[in-house]
Structure formats: C-alpha cells, structure tokens
Enquirer: 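First the structure, which I've put down as structure tokens, then a few questions once you've had a look.
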Amino acid sequence: MPHNPSPALHTINDPAQLRQVPRTHLRALADELRAFLLHSVARTGGHLSSNLGTVELTVALHYVFNTPHDRVVWDVGHQTYPHKILTGRRDRMPTLRQLGGLSGFPQRAESEFDTFGTAHSSTSISAALGMALASKIKGEDRYSIAVIGDGALTAGMAFEALNNAGVADCNLLVILNDNDMSISPPVGALNRYLAQLMSGQFYAAAKNVGKTVLKGAPPLFELAKRIEEHAKGMVVPATLFEKFGFNYIGPIDGHDLDSLIPTLENIKHLKGPQFLHVVTKKGQGYKLAEADPVAYHGPGKFDPAVGLQKPSSGAKTTFTQVFGQWLCDMAAQDQRLVGITPAMREGSGLVEFEARFPERYFDVGIAEQHAVTFAAGLACEGLKPVVAIYSTFLQRAYDQLIHDVAIQNLPVVFALDRAGLVGADGATHAGAYDIPFLRCIPNLSVACPSDENECRQLLSTAFAQNHPVAVRYPRGAGAGVAVQASLDGLPFGKGEIRRQGKGIAILAFGTLLHPALEAAAALDATVVNMRWAKPLDTELLAQVARGHQALVTVEEGAVLGGAGSAVLEALHAAGTLLPVLQLGLADQFIEHGDHAQLLVLQGLDAAGIQASITRRFGSLLT
C-alpha cells in the first residue's frame with residue numbers, strides 16, 4: 001500500500017511547519033528525511049548509523065512537543081543530524097564537520113533548538129533535569145526531555161541523574177533509545193497498546209485514585225502495589241526505573257510513528273518524571289548500515305550505492321593500528337598484560353586483541369572512572385593493565401587517575417589516542433589538555449612519540465616501568481615511518497638531537513617534530529626530539545641551552561601549562577636565563593575542521609613555525 005503524499009522536505013524549515021503537516025503524511029516525510037540524510041553524510045562523512053536510527057523519533061518529538069520552548073537534550077549528540085535538518089539547517093548540511101560549517105554535535109551557539117551542547121556521553125539526564133527544575137522555579141510551563149541511548153546508560157553519571165530526578169517534582173521525560181540489543185520482550189501490537197494505555201490519563205488517574213482509596217488499608221495497598229508491579233513486569237522491565245521514581249512506559253517501536261506520536265501526546269499531559277523506552281535499529285533503512293552499524297558509525301565519504309570500500313594497500317599505518325599491533329605482540333610475550341577500554345574497542349584498536357586474548361580483554365562500557373580504578377585493582381594484584389582511552393575521555397576519570405593510580409604508584413599504562421587536535425570532531429573531542437593535566441601529577445610520566453615506530457618503542461618503555469605512564473599519540477597516520485617488529489624500548493626520560501644547527505634550538509614534543517625539522521632547515525636551527533614531557537630530559541636541555549641563544553618549544557597541545565611551560569620551569573630552576581618562544585594550541589576552544597588546516601591556522605605547520613621564529617628572533621637569524 002503506497003504512503004500518503006507528503007510536503008517535500010525542503011518546505012520544512014522549522015518544527016512549527018512540521019507540526020502543520022497532517023499526521024498521515026509523516027511516514028512519507030520520514031522516508032524522505034532518511035534518504036536525504038544518507039546521501040548528505042555520504043558526501044561529507046560523519047556519523048551515520050545512529051542518525052538513521054533516530055529519524056522517526058526526531059520527527060515525533062518535534063511534532064508533539066513545542067520545541068524549542070520544550071527542551072530536548074540529545075545524549076552523546078552524534079544522533080542529531082535529523083534534528084539539524086528539521087530545525088532550519090538542511091541547506092548547511094554540505095558543510096557538516098568542516099571549518100566554519102555545521103558541527104557534528106549540538107551546539108548552543110549554532111541554534112536555539114540545540115538546548116545543550118553534548119558530545120561526551122551520559123550527560124543528558126543531568127542537563128534536562130536542571131532545565132526542568134529551572135522551569136519550575138521560574139514558573140514556566142514546559143517539558144524537558146533527555147534522549148539517551150547508544151550505551152550511554154552504562155555510565156555512572158546517568159544513574160546519578162536518574163537517582164536525583166526520581167525524587168524531583170518536575171516535568172521530565174527520559175527516553176531510552178534502545179538500539180544495541182533487545183533488553184525487552186519482542187515489540188508488537190500488545191506492547192504498543194500497553195504503552196499507550198500506561199501513558200494515558202485514564203491509567204494515571206486510576207492508579208492515583210487506587211492509591212488514595214487503599215492508603216487507609218495498608219495491607220491491601222501493598223498488595224495492590226505488588227500486583228501492579230508484577231503485572232507490568234510480565235511484559236516490560238518496569239521495576240528498575242520505577243524504583244528510581246519514574247513512571248515507566250514501553251517498550252515501543254521507535255520506527256513506528258503510529259506508536260510514538262500517541263504515546264508522546266499522552267506523556268505530554270502527565271506530571272512528574274516519566275521514562276519512555278523505545279527500541280530502534282542503528283542504520284535503519286540502509287541495509288549495509290543495518291548489517292554492520294559499527295563500520296557505518298562514523299564513515300568518511302562513500303557512494304551509498306556501493307557502500308564502504310576497504311582502504312588501499314598503500315594507505316599509511318595509523319597510530320591506532322600501531323598501538324593495536326603492539327598490544328597483541330606484548331600480550332603474547334607477557335602474560336601479565338591486560339587490555340581495558342571504556343566502550344571504544346574499534347576506535348582504540350583493540351579488535352584483534354579481543355579476538356586473540358579474550359580472557360585478558362575488558363570492555364567496561366562508557367565508564368571511564370570505573371575503567372581507571374578497575375585497572376588500579378588489577379595492578380595491585382601483579383597484572384600490567386593497559387588502558388586504551390581517548391585523551392578527551394581520560395578527563396572524565398581525573399580523580400581516579402590521581403587518587404587510585406598515581407598516589408598508590410601503580411604500574412598502569414595509559415594509551416592516549418586522539419592527542420592534540422582531532423579535526424572534524426572539534427573542541428569536545430580534542431586532546432589538547434593532557435600534557436598540562438598529567439604532568440602536574442606526582443609519579444606519572446608522559447611520553448610524546450614523534451612517529452609510528454617511536455610510538456611502538458615508547459609503549460614498550462612505558463610497559464617496562466613500575467609506575468604509571470601515559471603515551472600520547474594523535475588520530476590518524478603520522479610521517480609514514482616504517483614500524484619495526486621489535487618490542488625493545490627507548491631510554492626512559494631521554495630525548496635526542498635530530499638536527500644540529502646554530503643560534504636557535506627547536507624543542508619538539510610529539511609529531512610536530514617533522515614540521516619543526518622542515519622549518520629548521522630553512523633557518524639553520526637545531527632540532528631536538530624531546531620524546532618526554534615528563535620527566536623532562538634536563539641534561540639534554542642544559543646542553544642545548546648552553547650552545548644556543550634562544551629556544552623554541554613546539555607541541556600539539558595547550559600552551560598554558562604544557563611541555564613548553566615545563567621547559568621554562570626547568571630553566572628557571574637551573575638559573576638559566578634564555579629567551580624561550582612557546583608554540584602550541586592557543587588558549588581557546590578550537591572548532592571542527594580539517595586537521596591540517598587547523599594546524600595552519602594555529603601556526604603549527606612548517607611555514608607557521610618558521611614565521612613565528614622569524615618574528616620573534618629575526619635578529620638572531622641574520
């Protein structure tokens with residue numbers, strides 16, 4: 001049976017226009033939205049599977065609720081492309097994740113419909129609860145809605161918020177977008193009917209009247225309460241969330257607008273905290289993404305008719321691949337090694353490790369704090385944990401890093417992927433702050449490999465230590481240096497002179513060594529590959545300082561408190577007076593864009609480094 005005709009998607013520039021569409025036309029509109037989304041992301045790259053799965057839910061939310069007056073907070077934020085398209089940003093989708101273009105995540109500065117900036121997981125319930133209580137305090141009649149899914153409910157922060165929200169007297173709706181596995185009985189007509197029934201005024205009123213009548217007879221009230229719980233529990237996993245204080249509704253089919261819209265309309269008239277459980281499918285509507293939602297989670301550009309293609313054999317090895325191979329090789333040599341990831345198996349390069357060493361592989365879910373303390377517990381018993389974690393996500397476990405690992409001086413290796421700028425993912429995912437926040441922690445060391453082979457060597461060095469060590473490396477490929485099979489490490493805390501020049505010495509930390517070498521060739525400057533931000537190679541620093549008139553530090557990290565600051569501190573402690581130019585990431589949040597282009601804008605390419613040195617120390621170069 002053909003769908004009803006729909007107004008073309010290009011006529012919908014605001015949810016207010018969407019709300020004027022007859023309900024019978026929404027199915028066709030959702031189909032058009034899904035097709036537009038697929039072809040748009042195929043041209044730009046970006047998150048795909050999660051967004052294909054939220055098309056109907058997005059349509060239903062904007063159709064039923066008066067957004068942006070009613071607040072919708074999307075957890076993680078990588079499921080908001082349909083939301084962006086329906087809220088006036090359709091024509092800007094070709095600029096997605098590009099410099100000056102649309103962000104891949106919600107941004108308050110981008111649209112009034114983006115009520116809260118989300119890119120890290122499990123923050124939505126806390127934020128929506130804050131909005132709901134603020135509305136109550138201000139006497140404003142609005143609903144606040146948190147849409148949480150993609151494993152985000154595995155994080156402790158989500159449960160902290162649920163615990164708080166359940167006792168809050170405010171209009172809060174939490175929608176669990178269950179799209180990884182079915183934790184409920186099969187979705188069907190009975191569940192649809194029960195969901196609408198349990199969200200309706202009659203059910204809510206009857207339940208409240210029953211409570212009032214039976215309050216005078218405590219044994220009967222308790223019996224009725226248990227009967228209600230068990231009756232609902234036979235068809236839905238209601239008990240857990242109702243124990244938190246929520247009215248649980250669902251599960252319902254998140255792709256069935258005839259389920260979603262009536263249920264949401266009923267919920268809109270209920271008071272107090274509500275919990276709606278919807279079941280969706282990642283990659284919905286695109287068979288290739290449905291079959292492999294992980295591969296299509298964040299693809300680059302591709303042809304939708306063909307699908308993703310394997311990289312060519314000539315593609316450079318990425319730092320993530322270097323780490324994954326090192327982990328497997330070291331695990332084969334040392335039975336004490338265990339690998340830990342907070343829900344980033346593919347992103348951190350642990351797929352092969354899990355397959356080869358399943359008994360030593362631990363995915364703890366989106367629970368960075370637990371991951372770090374769990375590693376500490378393993379280390380206490382003589383194992384050698386390697387925590388594979390993005391730099392930006394380690395920020396979430398800072399207390400555990402200090403309290404549970406560093407104070408106890410436990411030998412945990414932190415493999416920090418995505419150090420420095422991350423290109424299209426922008427400020428929320430940039431690993432700009434790890435050197436400043438790590439180097440101030442006693443007992444903890446920080447290694448900064450300059451290329452792929454050095455990354456493998458420094459991982460071996462870190463693993464050999466009896467104290468915590470972080471090895472930071474960037475996203476993607478490096479200079480293309482061949483990686484040796486050896487598991488030999490490099491001297492701990494020692495750097496090397498890579499180019500001998502005169503007048504000025506450039507001290508490079510990490511992969512910016514290579515543009516520094518290029519700049520130095522034009523300036524006849526010395527270049528030092530420092531390798532370690534902590535401990536600093538003070539002997540080498542003193543030697544270089546004695547033979548040069550000025551120093552330049554270069555790092556792909558925050559200048560404030562970074563490796564350059566460590567150099568200044570060391571020089572000051574030694575009583576050495578020497579001008580130092582610190583180059584790194586400015587004191588600002590750097591938005592999304594092409595990684596190489598962002599480095600140029602920060603003056604961290606070869607030409608930018610040369611220009612900064614010439615401006616500051618031009619008289620020394622003549």
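The model shown is predicted, which means the values in this text are computed figures rather than measured ones.
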Enquirer: Please check if any side-chain donor atom of Asp329 sits under 3.5 Å from a side-chain acceptor atom of Gln325, or the reverse.
Expert: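 There is such a pair between these side chains.
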
Enquirer: Ignoring hydrogens and geometry, is there a side-chain-to-backbone donor-acceptor pair from Thr526 to Gly501 under 3.5 Å?
Expert: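 Yes; at least one donor-acceptor contact below 3.5 Å.
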
Enquirer: When rounded to the nearest 0.5 angstrom, what distance separates CG in Leu487 from CG in Asp334?
Expert: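 Interatomic distance, Leu487 CG to Asp334 CG, rounded to 0.5 Å: 10.0 Å.
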
Enquirer: Tell me, do Leu551 and Leu571 make a side-chain contact under 4.5 Å, heavy atoms counted?
Expert: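 Yes, side chains in contact.
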
Enquirer: Is it true that the side chains of Thr392 and His120 contain a donor and an acceptor less than 3.5 Å apart?
Expert: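 There is such a pair between these side chains.
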
Enquirer: I want to check something: taking the side chain as every heavy atom from C-beta on, are Glu555 and Met530 in contact at a cut-off of under 4.5 Å?
Expert: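 Glu555 vs Met530: side chains apart.
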
Enquirer: With side chains defined as the heavy atoms from C-beta onward, is the minimum distance between Trp532 and Thr461 less than 4.5 Å?
Expert: yes

Enquirer: Quick one, Val73 and Thr118 - any side-chain contact, counting heavy atoms below 4.5 Å?
Expert: yes

Enquirer: For the pair His78 and His297, name the ring-plane relationship: parallel under 30°, tilted 30 to 60°, perpendicular over 60°.
Expert: perpendicular

Enquirer: Can you confirm whether the side chains of Glu556 and His595 place a donor and an acceptor under 3.5 Å from each other?
Expert: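 There is such a pair (donor and acceptor under 3.5 Å, judged by atom type) between the side chains of Glu556 and His595.
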
Enquirer: Are side-chain heavy atoms of Arg475 and Asp425 found at a separation under 4.5 Å?
Expert: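 Contact flag for Arg475/Asp425 side chains = yes.
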
Enquirer: For residues Ser103 and Glu110, determine if any side-chain heavy atom of one lies less than 4.5 Å from a side-chain heavy atom of the other.
Expert: yes

Enquirer: Establish, from distance only, whether the side-chain atoms of Glu591 and Gln107 form a donor-acceptor pair under 3.5 Å.
Expert: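 The criterion, which ignores hydrogens and geometry beyond distance, is satisfied for Gln107 and Glu591.
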
Enquirer: Testing the 3.5 Å rule here: is there a donor-acceptor pair between the side chains of Thr317 and Glu452?
Expert: no

Enquirer: Quick check for you: to the nearest 0.5 Å, what is the distance between Phe353 atom CZ and Leu327 atom CG?
Expert: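 Going from CZ on Phe353 over to CG on Leu327, the span is 4.5 Å.
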
Enquirer: Please tell me whether Phe105 and His47 form a close aromatic pair, meaning their ring centres lie under 6.0 Å apart.
Expert: yes

Enquirer: Cut-off 3.5 Å, side chains only: do Ser460 and Trp326 have a donor facing an acceptor?
Expert: yes

Enquirer: Rounded to the nearest 0.5 Å, how far apart are OG of Ser391 and CZ of Phe414?
Expert: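 It comes to 12.5 Å.
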
Enquirer: Would you please say whether a donor-acceptor pair under 3.5 Å links the side chains of Gln408 and Asn443?
Expert: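 No, Asn443 and Gln408 have no side-chain donor paired with an acceptor closer than 3.5 Å.
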
Enquirer: Give a yes-or-no answer on whether the side chains of Asp417 and Ser348 include a donor-acceptor pair shorter than 3.5 Å.
Expert: no

Enquirer: Identify whether the distance between the nearest side-chain nitrogen and carboxylate oxygen of Asp434 and Arg472 falls below 4.0 Å.
Expert: yes

Enquirer: Taking the six-membered ring for Trp, is the centroid-to-centroid distance between His467 and Phe492 below 6.0 Å?
Expert: yes

